[in-house]
Amino acid sequence: MERGKDMIYLDYVATTPLNDEIYKTYQKLLGKYFANSDSAYSLGYEVNGLLEKSREHIAKMLHVKNDEIIFTSCASEANNTAIKGVCFQYANRGKHIITTSFEHSSVANTFKQLEEVFGFEVDYIPVDQEGHLDISQIEDMIREDTILVSTMYVNNEVGTINPIKDISRIIRKKNPKTKYHVDMVQALGKLPIDLSVCDLASFSAHKIYGLKGSGLLYKKDNTAIVPLISAGQQEFGLRGGTSNACTYIVLAKTMRLALEKQEEHLAYVKELNHYLREQLSKREAVVINSPEDASPFILNISVPHYKPEVLVHDLETSDIYISTKSACASRKTEVAHTLAAMHVDHDIAISALRISLSHLTTKEELNTFIEALDLSLSRVKKQR
Ligand SMILES: Cc1ncc(COP(=O)(O)O)c(C=O)c1O
């Protein structure tokens with residue numbers, strides 16, 4: 001898609017530019033396949049056929065069954081559907097649920113709502129100063145009445161990769177009835193995905209060069225959920241509303257494009273991350289917050305005593321775009337949720353900047369960014 005020619009975009013975790021191929025395919029589909037996919041005449045059947053083909057392709061890519069794939073409007077909806085859906089479904093078995101202290105707001109606030117409005121009891125798996133989950137606590141936390149554990153795969157602020165296989169093993173050993181949901185938004189197209197470790201998982205298209213307003217919920221067939229949107233037969237009765245068919249149809253292609261070059265992209269971005277880390281480590285003013293073993297697509301740093309939003313806006317004057325924290329919370333003044341959970345020093349927590357990389361990023365862009373950051377640090381006023 002059109003981008004400012006000289007713009008340096010380093011916020012790919014917030015969202016990605018739309019892939020040209022996806023844009024063109026989507027445009028063509030929109031013009032032709034306007035019919036309601038549930039209409040009982042040939043136009044409707046044709047749209048429904050394409051939609052089901054897309055579901056089949058996605059299921060194949062993720063090595064799951066077709067009816068385990070549910071299209072949603074975004075990953076936030078998938079997270080809400082999975083978590084509330086399981087809680088309402090299995091509340092008669094127990095009302096104890098577990099998550100981590102550094103989830104995306106669409107999980108964190110869902111747990112908060114379940115606690116405050118619906119009377120569920122929530123326990124939080126703590127995170128250490130490096131950003132790693134203390135999984136040794138999970139076994140003790142899981143009880144007879146624990147119906148759900150939800151953890152993300154890759155943290156969206158510092159990039160920590162959670163050991164979801166180990167977490168799954170602990171859950172299944174301690175209470176096989178407990179359902180495990182994983183937010184895989186920042187892992188899709190970047191890290192290997194193995195859905196056999198969990199019962200439910202959430203994905204988003206706009207993080208992999210696809211459309212905004214497009215997400216996916218994987219739900220294992222032995223796991224039941226109460227739907228969030230009760231309506232017609234769409235999505236097996238689990239997500240009502242007229243199907244956003246063309247969006248669903250194009251998601252298969254979006255995922256294929258993201259997955260087919262995953263290893264190549266990962267190796268390339270690893271090199272970029274290594275270079276950026278090395279260059280930034282040489283600067284005394286900079287503290288690196290992302291652990292060494294984090295996803296290479298994310299590098300979180302702090303520049304203590306500088307206001308991060310001032311630095312972000314100063315870089316913007318050079319057409320360089322990075323963020324202070326998760327985009328969903330960037331207009332709030334409090335510290336980044338993940339850094340707060342990590343209990344890092346206050347000066348570090350309030351001065352965080354998130355740089356996120358892509359296979360589209362070049363070393364030249366990183367050099368320009370580093371130069372611009374040096375310049376910003378020399379001209380922006382230091383805070384006491
Ligand atoms: C880890 C994680 N989960 C969920 C979401 C929400 O995705 P969506 O924008 O599709 O609702 C995001 C987006 O920032 C994310 O990074």
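Note that ligands are numbered from 1 as they come in the structure, with each ligand's atoms numbered from 1 the same way.
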Nitrogen or oxygen of Ala75 less than 3.5 angstrom from that of ligand 1: yes

Min side-chain heavy-atom separation Leu50-Tyr45 under 4.5 Å: no

Side chain, backbone, both or neither: the part of Lys212 lying under 4.0 Å from ligand 1 by heavy atom: neither

Members besides Ile229 in its Ile/Leu/Val/Met/Phe/Trp/Tyr cluster (side-chain heavy atoms under 4.5 Å): Leu228

Ligand-residue contact atoms, ligand 1 with Ser204, heavy atoms, under 4.0 Å: 8 (P), 10 (O)

Proximity to ligand 1 by part of Glu77, non-hydrogen separation under 4.0 Å: neither

Qualifying residues under salt bridge (charged side-chain N to carboxylate O under 4.0 Å, His left out), relative to Arg172, sequence neighbours excluded: none

N/O separation below 3.5 Å, Ser106 to ligand 1: no

Side chain to side chain, Asn244 and Tyr248, heavy atoms closer than 4.5 Å: yes

Heavy-atom check, side chain of Tyr90 versus side chain of Asp145, under 4.5 Å: no

Numbering as shown, the atoms of ligand 1 that approach His206 to under 4.0 Å (heavy-atom distance): 8 (P), 9 (O), 10 (O)

Atoms in ligand 1 with a heavy atom of Met152 nearer than 4.0 Å: 1 (C)

contact_flag Lys207 ligand 1 heavy-atom lt 4.0 Å: yes

Side chain Thr72, main chain Leu216, donor-acceptor under 3.5 Å: yes

